[in-house]
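For reference, the structure is listed below as structure tokens.
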Amino acid sequence: MRFGNYFLMLALLVLPAAGQNSTKALHPVGAEWPTYNGDYSGRRFSSLSQINAGNVKTMTLAWTFDSAGAAIKATPLMVNGVLYFSVPDHAWAIDARTGRMLWTWSNKSRGGTHIGNRGMAIYKDWLFLTTPDDYLISLDALTGKERWRVVIADLKLDFFTTVAPVVIRNHVLVSPSIESTDNRGYLDSYDPVTGKLQWRWYATPAPGAPGSETWPDSDAEEHGGGAIWIPGTYDPVLNLYYFGTGNPQPVMAGQGRRGANYWANSIVALNPDTGKMKWFYQTTPHDTHDWDSAETPVLFDAVIDGKPRKLLAQANRNGYYFVLDRTNGQHIATSEFVPNNWAKGLDSLGRPVAYPSKKPQTAGALVFPSEGGGTNWFPPSMDPETGLFYLRVTRTAAVFYLTNTSPKPEAWGGIDKTVWTGPSSIEALHAVTGKVAWDHEAGIGGYSGLLTTAGRLLFSSDGAGNALALDPATGRTLWHVNLNEDMLNGPITYELDGRQYVLLAAGAKLFAFTLPQ
Amino acid sequence: MFQKIAFVFVITGMSAALIGLQATPNPALGTSQAHPAPTPAWMRKMWPNMPPNQNPAQVASGKALFESNCSFCHGPDATGGNGGPDLIRSVLVNHDEKGNLIGPTVHNGRPGKGMPPFKDFSDAQIADLVAFLHQQNRNDRIRFSYKVLNVAVGNAAAGKVYFQAHCAQCHSATGDLAGIAKKYDPGALQQLWLDPGLTMRANDTAPKKNVTVILASGQKFSGTLQHADEFNVSLYDANGYHSFPIKPGMSVVVHNPLAAHEKLLRHLTDTDMHNVTTYLETLK
């Protein structure tokens with residue numbers, strides 16, 4: 001799709017400043033990092049510029065902190081001079097100036113898949129986090145003591161929870177993940193004071209409700225999946241919360257769930273006060289490759305053909321980049337960012353149309369990309385000054401086998417076996433069209449998130465344990481340090497006492513960089 | 001054409017010159033990168049709530065009992081049938097601990113829902129049924145236990161033609177590949193020829209990548225690649241270990257002996273893939 005003329009403008013969020021931590025997320029992220037993505041837009045673009053392209057080569061280590069636990073996948077929060085971060089079953093508060101630990105908290109686990117924890121949320125002086133054994137827990141931010149905990153999902157049905165909660169006004173939004181058992185995915189809103197459930201939005205329709213026509217029967221839709229794996233983004237003017245839903249269940253065997261399977265593999269816009277869905281856009285109809293559409297839906301504004309538009313972009317696990325109008329879900333653009341061979345083209349709504357032969361087959365179907373996808377949960381970034389959308393691209397191919405041919409398979413019903421893993425990249429796409437602007441190879445592993453700043457810097461990492469600062473306009477490397485461990489979380493930046501810090505996690509350690517005094 | 005920043009080196013084959021896959025699965029990307037299959041210890045750590053493997057004798061007895069008494073309503077695989085619900089997804093079955101919930105339900109039935117009581121089942125029979133259900137549940141959920149079905153569905157003669165055109169430069173059906181089908185089951189054989197490196201690294205028989213480094217001075221080093229990234233390349237040669245920072249004017253050329261296999265994947269159709277596997281299956 002061609003555009004006459006477009007330019008980007010930073011979404012202006014003009015709101016009164018308030019003491020409450022939840023409203024800090026409404027402003028473009030700057031001195032603090034009060035929510036998972038820094039602010040509600042999901043751009044992970046910091047307005048700080050003390051550290052910039054001119055002086056980043058002089059960046060030096062300010063402090064390190066060794067949590068001596070699991071690898072950190074959480075994006076830390078930084079509020080009022082304190083950093084808060086988590087791994088499954090553990091949380092820490094550390095002094096953001098010195099890295100000294102203030103308190104730590106642990107959960108005695110009942111089980112659940114311990115794949116990672118994406119981080120915490122803060123509201124007033126209360127923190128919120130989830131555990132693999134499906135608790136939503138609120139801690140006192142000052143002391144780390146538990147205020148309350150509530151069960152959000154049935155551990156025995158294979159649910160586990162990794163998501164970082166997102167607070168919007170008095171709503172704590174969380175969602176469990178689905179491992180294997182065929183469950184219905186959902187998003188919950190809880191009261192931050194009491195932990196009481198306010199509403200629940202299910203990712204599949206209730207029997208007979210609109211959308212049921214995309215499922216063969218009520219049993220299929222009541223076990224249809226659509227887990228919401230990643231925190232969403234929020235537009236306060238439209239009052240819409242945006243997030244993606246995961247794959248339908250059973251994962252790789254679709255014969256028992258013929259139909260498009262709404263609203264699995266969808267970008268969804270929902271009112272956070274009522275839990276009612278406003279619109280959705282399905283990115284992979286009737287998915288059989290486990291390509292969760294859960295990736296961060298990044299919000300930005302642009303002028304297209306002379307008209308200002310409010311946009312949403314998602315770099316999807318299925319290897320396609322989607323741009324939508326975030327007011328109504330109208331399709332704007334779709335483009336490819338990795339080699340893929342599973343779709344013959346796009347339909348009239350800009351959705352990829354799958355080759356039937358590339359669904360899992362008993363004798364195997366060779367598919368680019370593998371189940372892991374062309375990108376995954378790693379937080380992307382969008383820089384309104386360059387107009388580019390940045391993501392970590394993974395390049396893979398796998399043979400997808402259908403192992404259960406019965407009319408009613410369960411759980412996975414198939415398996416994929418990787419046959420190629422190529423070098424990943426940090427890649428820049430023109431945000432409105434998805435056209436690739438530059439591609440910076442980054443090896444295999446160390447799939448961390450991205451951060452851009454007004455200092456004309458892009459922070460990320462590669463598969464050899466190198467922390468990187470790149471020029472966001474060209475992808476050229478400006479700074480690196482070899483931390484010799486995979487960086488697996490989203491880097492953040494913050495400012496205290498007039499001093500900017502860049503914070504990375506490598507393995508179980510945090511590294512804070514700053515300019516020499 | 002967009003600006004592509006690949007590392008200084010020229011690479012033969014698609015793979016970058018980096019160390020191989022991790023030995024343990026990377027859950028961040030889904031476990032499809034996990035080969036060979038994960039160890040029981042890894043699986044216990046990853047899925048602590050999965051029912052453990054049950055006593056095989058009990059499972060076998062339970063399966064027989066289930067088929068005679070339960071499958072009419074609940075389906076032969078316990079995934080639901082004529083009016084009886086799916087027991088794999090069942091809240092009750094998933095909450096059951098050693099029969100504490102399943103036992104009473106079998107004994108008493110569910111009068112309001114059309115399930116008759118089975119009062120004559122002994123404790124041992126109940127235990128067998130419970131073992132069967134928990135094993136079914138586990139088998140359905142752990143995808144690494146899934147068996148790949150028949151892969152040799154292609155045309156062996158066509159596979160042989162493809163082999164002559166694309167593989168015979170390096171391989172011989174009567175030479176290095178003689179009897180290959182006796183050594184691997186068909187599913188493993190297909191994976192082996194598509195991605196030999198994975199299986200070979202597991203057996204520690206993978207050929208090493210070679211690298212030639214020419215410094216800006218013109219000095220040349222050739223040897224076994226140890227590591228390469230954007231900033232450093234290192235190798236072993238006859239004189240020992242060498243490590244170089246990547247600098248402008250340097251050339252780094254990596255040769256991957258398995259590159260031809262990666263190249264195949266770009267253009268391989270599923271038909272060709274099945275044909276070649278079927279042909280290789282004849283090499284017994």
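The figures here come from the full heavy-atom set of this structure, side chains too, leaving out hydrogens, waters and symmetry mates. The chains referred to below are lettered A, B, ... by the order of the sequence lines, with proteins before strands, and numbering in each begins at 1.
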Decide side chain to side chain donor-acceptor pair (under 3.5 Å) for A:H440 and B:E230; before the verdict, give the C-alpha distance in whole Å, the side-chain angles of both, and the deciding distance to 0.1 Å.
CA-CA 10 Å; A:H440 181 121; B:E230 186 178 334; 2.7 Å; yes
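- For a residue to count as touching a neighbouring chain, one of its non-hydrogen atoms must lie under 4.5 Å from one of that chain's; by this rule B:Q136 does not touch chain A.
- Across all their heavy atoms, B:Y146 and A:A411 have their closest contact at OH-CB, 3.7 Å.
- No side-chain N or O of B:H274 forms a donor-acceptor pair with one of A:Q361 less than 3.5 Å apart.
- Residue with the most contacts toward chain A among B:L268, B:D86, B:D77: B:D86 (heavy-atom pairs, distance under 4.5 Å).
- Looking at every heavy atom in both residues, A:K156 comes nearest to B:N94 through O-CB, 3.1 Å.
- With a threshold of 4.5 angstrom between heavy atoms, A:D182 approaches chain B through its backbone and through its side chain.
- The environment of NZ in A:K358 is crowded: more than 12 heavy-atom neighbours from other residues, nucleotides or ligands sit within 6.0 Å.
- Only the backbone of B:S90 comes within contact range of chain A, judged by heavy atoms closer than 4.5 Å.
- A:I426 does not touch chain B: none of its heavy atoms, backbone or side chain, sits under 4.5 Å away.
- Note on A:E222 versus B:R89: no salt bridge recorded, every NZ/NE/NH1/NH2 to OD/OE distance being 4.0 Å or above.
- The candidate from B:I142, B:N150, B:T277, B:V153 with the greatest count of non-hydrogen atom pairs under 4.5 Å with chain A is B:N150.
- The minimum heavy-atom distance linking A:G364 with B:Q190 is given by the pair CA-NE2, 4.4 Å.
- A donor atom on one side chain and an acceptor atom on the other are found under 3.5 Å apart for B:H95 and A:D154.
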Exercise. Show your working on side chain to side chain donor-acceptor pair (under 3.5 Å) between B:N49 and A:D158 and close with a plain yes or no.
Key: CA-CA 8 Å; B:N49 298 97; A:D158 229 0; over 6 Å; no
